[in-house]
Each structure stands twice: as C-alpha cells, then as structure tokens.
Amino acid sequence: MPVIGVLEPIADSAFAHLRRHAAVLPPPAAGWQEQADAIIVRAAPVDGDAIRTAKRLKVIGKHGVGTDTIDLAAAAERGIRVLNTPAANADAVAELTIGLALSVLRSIAWHDRGVRTGLESPAPRVGRELKGARLGLIGLGTIGQRVAHLACHGFGAVIRAYDPFVTSPPPSLPIAMAGDLAALCREADILSVHVPLTSATRGLVDAELLSTLPEGAVVINTGRGGVVDEAALLAALRKGRIAGAGLDVFEDEPPAPGLALLEHPNVVATPHIGASTAEALERMGHSVAEQVLDALGIPQR
Ligand code: NAD
C-alpha cells in the first residue's frame, strides 16, 4: 500500500479520506523521507536535499498555490510530480485583500488601538472610500481576478491590472490592462500584489516603482513577501509618500518581532492567513488529497 506523509495538519475530513485509501503518516510525518511515496505540505519548505534522499517519493502535493517553498528543479530532476490547489483558496485570499485595503483606507486597526487605550488625541482620521478608488493589480490570475470582481462589482472601484501573461481580462470584468508596471502604478490609489514569488518577481515592487505611485497611495500585499522590497516600502511610508500598507506576507516569516515595518502606525499586518478560512481549508485539503491519490493511481470511491 502506498504511503502518504502529511507533514502539516489538513482538514479532518480530507485526512480521513486519505486514510480510507492509503497508509498515512500523520503530521509531522517523521521519517517520511524513508517511507513516503507522496507527501502533502502546506508552508513547510521541501528542499533539494530532502527530495534527493527520499528515494520512494513520486508526488509532492502542495496544500495551497505558491510552490516557491519547494525545490522544483530537484523534483523535476527526479521525475517527481508537484501538484497544488489552484483556486481553492482564491475567495479567502481575495476577501482578506479587500479587508486589508478597507482597514488601511479607514485606519481600522489604528482606531481600534485608540479606542482601547481611551485616546482622544490624535483626533479620529478621515478615511477614504474604495468606491471610485483606482485599484492597480499586479498579477491577474485566479486571485487577482477575484479581487477585481469584489472591488469592482462590490465596491465600485476602478480596476487596472498588469500581467504580461494575460492579454485580455475576462469579459465580465471591466479591467484596463496596463502596458507596464510603471504605467499601472502612476494611476493606482491602491496597489495590490497577486504574483507568485519567482526570480522574475523578487523585489518587483522596489523603491523606483513605489516612487511612481501617486502621493498617498496604499500598498496591499497578500501575494508573497519577497515581491515587495520591505526596506523601500518602509522608507516610502516614513516619507509619507505611501499612506499605508496592508501586509499578509513578509520577506521572512514569521516576521521578526520589532521589525521596523511592523512598528509603523499605518501598517496593518496579518500572519500569512490569506488562505486560512474554514471553507478554503476544507477545499484545499480535499483537492490536494484527491489529486495525490489520483497521481498514485489509487481509485477513490
Ligand atoms: P495564479 O497563478 O492564478 O496567478 C498568478 C498571476 O501572476 C498569473 O496570471 C501570472 O501570469 C502573473 N504573473 C506572473 N509573473 C508576473 C509578473 N512578473 N508580473 C505580473 N504578473 C505576473 O495564482 P493565484 O492563485 O492568483 O495566486 C497568486 C499568488 O498569491 C500565489 O502565487 C501565492 O504566492 C499568493 N498566495 C498567497 C496566499 C496567502 O495566504 N496570502 C494564499 C494563496 C496564494
């Protein structure tokens, strides 16, 4: 019977489904490198050394979208299939993106701190609306499109996007495609990042790009930490060029306590919880479990 190592917890019902069809090493799946024909991972990195020593390994199932945590070259070298769960978490990440944008635009976290500590001063801040705001999306894949849908149809934001691999947006979405990143940024009141972390996107949102945003723009990143240069973002926040930022992802995770960016009063931060809703966890768990069983050739009833 094939052995599947589940390195991190997945939804109970998805775990039970796996157990009905295969031998399963429960989290943290100690010894998976000797025994496992397949593994299921969430955030845990799977490096080249681990892949090369796991002689039985045929399939890596990523519970989530971003496979930047897996050494894809080492997997390809050994003919190991890498699967992920595209779309299963798109609603969850898109909703968090809107939540962070609203939180920054209305200073929700800032006001929350003030109310709790009984502060009368400084006076409450005047916020800005998502309605009519120009939202610039970097990346118009599954999540970018979902954010566009919510922001446009739900709130009346005006959407533009830059994605070199998408020439025309879906007809249901009135999105103007920008020819390049600087053109996108020049007309973005809110810049939101939805690209994977690759060698081409690392540091994509740097000091130069941030300087092309209109004064007082807002940056939201629920994509990947390394895509936004944190030092450049902090400098732009300190100068007041960027009014605020909503960040779910960081260059190093978890971010170090006392990270200067987190000390900035106009930064709203969440600990990479974009996909963490009960609904998305259920969908991702079942999607990855079923795909891994399929890839191992195990019939499922
Ligand atoms: P996707 O593959 O559907 O979309 C990614 C899009 O980025 C594609 O359309 C692609 O063409 C585009 N892209 C690639 N390189 C680009 C570049 N240089 N400039 C502009 N666009 C570029 O993936 P998705 O499901 O939409 O997810 C997007 C990213 O969100 C994932 O790669 C992952 O890093 C991140 N994510 C974060 C969380 C979270 O918990 N915060 C959860 C899921 C996904």
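Ligands are counted one by one from 1 in listed order, and the atoms in each one are counted from 1 as well.
The OG1 atom of Thr142 lies 9.0 Å from the CG atom of Asn89; values are rounded to the nearest 0.5 Å.
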| request: Go through the steps for Arg134 and Ile190 under the test side-chain contact (heavy atoms from CB on, under 4.5 Å), then give the verdict. | output: CA-CA 6 Å; Arg134 298 169 300 173; Ile190 304 163; over 6 Å; no

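Remark: Arg78 CZ is packed, more than 12 non-hydrogen atoms of other residues, nucleotides or ligands lying under 6.0 Å away. The neighbour count for Asp180 CG, taken as heavy atoms of other residues, nucleotides or ligands under 6.0 Å away, is above 12.
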Atom pairs and distances, ligand 1 N/O vs protein N/O under 3.5 Å:
{"unit_1": "ligand 1", "atom_1": "3 (O)", "unit_2": "Thr142", "atom_2": "N", "d": "2.9"}
{"unit_1": "ligand 1", "atom_1": "3 (O)", "unit_2": "Thr142", "atom_2": "OG1", "d": "3.0"}
{"unit_1": "ligand 1", "atom_1": "9 (O)", "unit_2": "Gly141", "atom_2": "N", "d": "3.3"}
{"unit_1": "ligand 1", "atom_1": "9 (O)", "unit_2": "Asp163", "atom_2": "OD2", "d": "2.6"}
{"unit_1": "ligand 1", "atom_1": "11 (O)", "unit_2": "Asp163", "atom_2": "OD1", "d": "2.7"}
{"unit_1": "ligand 1", "atom_1": "11 (O)", "unit_2": "Asp163", "atom_2": "OD2", "d": "3.2"}
{"unit_1": "ligand 1", "atom_1": "26 (O)", "unit_2": "Thr142", "atom_2": "N", "d": "3.3"}
{"unit_1": "ligand 1", "atom_1": "26 (O)", "unit_2": "Ile143", "atom_2": "N", "d": "2.8"}
{"unit_1": "ligand 1", "atom_1": "34 (O)", "unit_2": "Arg224", "atom_2": "NH1", "d": "3.4"}
{"unit_1": "ligand 1", "atom_1": "40 (O)", "unit_2": "His272", "atom_2": "NE2", "d": "3.3"}
{"unit_1": "ligand 1", "atom_1": "40 (O)", "unit_2": "Gly274", "atom_2": "N", "d": "3.3"}
{"unit_1": "ligand 1", "atom_1": "40 (O)", "unit_2": "Ala275", "atom_2": "N", "d": "3.3"}
{"unit_1": "ligand 1", "atom_1": "41 (N)", "unit_2": "Thr222", "atom_2": "O", "d": "3.0"}
{"unit_1": "ligand 1", "atom_1": "41 (N)", "unit_2": "Asp248", "atom_2": "OD2", "d": "2.9"}

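Across all non-hydrogen atoms, the minimal contact from Leu83 to Arg81 is CD2-NH2, 3.5 Å.
Contacts classified as ring-ring contact (aromatic ring centres under 6.0 Å, His included) and involving residues 140-189 (residues at least two apart or in different chains) are given here: His149-His153.
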